[in-house]
Protein chains: 2
Amino acid sequence: MNIGEAATRSGVSAKMIRYYESIGLITPPARTAAQYRVYAADDVHTLRFVRRSRDLGFSLEETRELLALWRDKSRASADVKNLAMAHVRELEEKAAELKAMADTLRHLATHCHGDHRPDCPILADFAATPSAQAKA
Amino acid sequence: MNIGEAATRSGVSAKMIRYYESIGLITPPARTAAQYRVYAADDVHTLRFVRRSRDLGFSLEETRELLALWRDKSRASADVKNLAMAHVRELEEKAAELKAMADTLRHLATHCHGDHRPDCPILADFAATPSAQAKA
DNA sequence: ATAAGGTTTCCCATCATGGGAAGGTCAAGG
DNA sequence: CCTTGACCTTCCCATGATGGGAAACCTTAT
């Protein structure tokens with residue numbers, strides 16, 4: 001199948017498939033006489049794997065490791081679990097950070113009248129010295 | 001004061017100060033005969049404002065709007081509040097997304113032995129067809 | 001034969017930040 | 001007066017993952 005079909009089937013854009021190939025994440029497929037890339041069903045599996053990994057927030061470098069583990073039939077499941085749990089912690093940290101920002105801002109907003117008057121504690125906080133600021 | 005001192009006092013790197021100037025976020029300061037940028041105390045306030053805005057997850061474009069509102073003494077606080085609350089919702093959405101990813105992954109990991117054996121439901125899920133996957 | 005649509009490579013843009021080079025400047029101390 | 005070191009200047013490049021688009025080529029169906 002051509003790259004377009006592989007893209008549709010895997011949910012990875014053709015643009016990204018070429019990019020993944022260029023950085024060595026996936027192996028270059030065969031080519032037709034006219035240089036068209038030709039993919040097999042198995043390549044679509046790999047692409048779906050990558051897609052899934054990306055959807056779960058793994059970077060391409062992490063995805064590369066996961067792919068290697070996936071292909072290594074003799075790897076220990078502990079290796080996979082460690083990588084996954086480390087990632088879980090990162091995700092949870094980032095989520096907590098965003099939540100903290102939202103909480104700070106929401107708190108500031110509750111003290112803002114939100115009417116036609118100009119004075120607003122949100123901007124006042126932004127302009128204040130760091131020591132006097134609401135904690136993020 | 002020179003850019004270095006402004007950077008230290010505001011918590012914005014000299015590199016970023018120059019960048020903010022280049023994109024018109026902040027106004028170009030005066031220069032010495034030798035082309036050194038000269039900042040006033042007020043410029044440091046502005047930089048701190050930007051820093052604070054960034055720390056709370058606003059993009060530079062959003063920061064630009066906030067700065068404009070800050071400087072516009074006649075703006076309605078409702079405008080600020082609307083902008084802030086829209087951002088709060090964005091932050092909370094992103095946080096929820098990350099949390100969902102973490103939950104999915106954590107769930108998959110609980111079913112992974114995490115020992116020397118090779119079989120691992122995490123990778124199995126990654127390789128599965130989308131319809132059969134744990135929900136993110 | 002021609003048109004439509006797929007494919008190729010290549011370059012550019014995003015967003016916010018950092019790194020580093022090559023060169024100019026300033027202040028302190030010998 | 002000159003050197004040294006710490007600043008400053010501009011300019012270019014890199015990141016990470018993705019998209020946009022151009023110019024050229026291929027394929028397939030009419």
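The chains referred to below are lettered A, B, ... by the order of the sequence lines, with proteins before strands, and numbering in each begins at 1.
- Looking at the side chain of A/R18, the nearest of the listed nucleotides C/dT17, C/dT8, C/dG19 is C/dT8.
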Worked verdict on A/R18 versus A/E21 for salt bridge (charged side-chain N to carboxylate O under 4.0 Å, His left out): CA-CA 5 Å; A/R18 295 196 195 95; A/E21 181 189 331; over 6 Å; no

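- Here C/dG6 presents its C1' atom at 14 Å from OH of A/Y39, a figure rounded to the nearest Å.
- At the phosphate of D/dT18, neither OP1 nor OP2 sits under 4.0 Å from any side-chain N or O atom of A/S13.
- Side chain of A/I3, nearest nucleotide from D/dT18, C/dT7, D/dT9: C/dT7.
- Between A/L123 atom CG and B/R75 atom CZ the span is 5.0 Å, to the nearest 0.5 Å.
- When the P atom of C/dT7 is taken as reference, atom CD1 of A/I17 falls 10 Å away, rounded to whole Å.
- Atom pair A/F58:CZ and D/dG16:P shows a separation of 17 Å (rounding to whole Å applied).
- Under the 4.0 Å criterion applied to side-chain N and carboxylate O atoms, B/R89 and B/E92 are not assigned as salt-bridge partners.
- One finds no side-chain N or O of A/R31 lying less than 4.0 angstrom from the OP1 or OP2 phosphate oxygen of D/dC26.
- Of the listed nucleotides (C/dA16, D/dA17, C/dC26), C/dA16 has the atom at the smallest distance from the side chain of B/S59.
- A/F58 and B/F126 have perpendicular rings, their planes meeting at more than 60° on a 0 to 90° scale where under 30° would count as parallel.
- With hydrogens and angles ignored, no donor-acceptor pair closer than 3.5 Å exists between the side chain of B/Y36 and the base of C/dC26.
- For the pair B/N2 and D/dC7, the criterion of a side-chain N or O lying under 4.0 Å from OP1 or OP2 is not met.
- Within the nucleic acid shown, A/T32 has no heavy atom closer than 4.0 Å to any nucleic acid atom.
- B/R37 comes within contact range of the sugar-phosphate backbone alone, with a heavy-atom separation under 4.0 Å but no base atom that close.
- At the phosphate of D/dT18, OP1 or OP2 sits under 4.0 Å from a side-chain N or O atom of A/Y20.
- In the set D/dT9, C/dT8, C/dG18, the nucleotide with an atom closest to the side chain of B/K15 is C/dG18.
- Residue A/Q35 contributes atom CD, which lies 14 Å from atom C1' of D/dA24 at whole-angstrom precision.
- No donor-acceptor distance shorter than 3.5 angstrom exists from the side chain of A/N82 to the backbone of A/D79, with no hydrogens or angles considered.
- In this structure, B/R54 reaches the sugar-phosphate backbone alone: every heavy-atom distance under 4.0 Å involves primed, P, OP1 or OP2 atoms, never a base.
- Regarding A/E5, its CD atom lies at a distance of 12 Å from the P atom of C/dG6, rounded to whole Å.
- In this entry the distance linking CD of A/E90 with C1' of D/dG16 reads 15 Å, nearest Å.
- The pair A/D119-A/R117 does not count as a salt bridge, with every side-chain nitrogen at least 4.0 angstrom from each carboxylate oxygen.
- The distance from atom CD of B/E61 to atom P of C/dA13 is 17 Å, rounded to the nearest whole Å.
- Rounded to whole Å, atom P of D/dA17 lies 10 Å from atom CE of A/M16.
- No N or O donor and acceptor, one from the side chain of B/Y19 and one from the base of C/dG18, sit under 3.5 Å apart.
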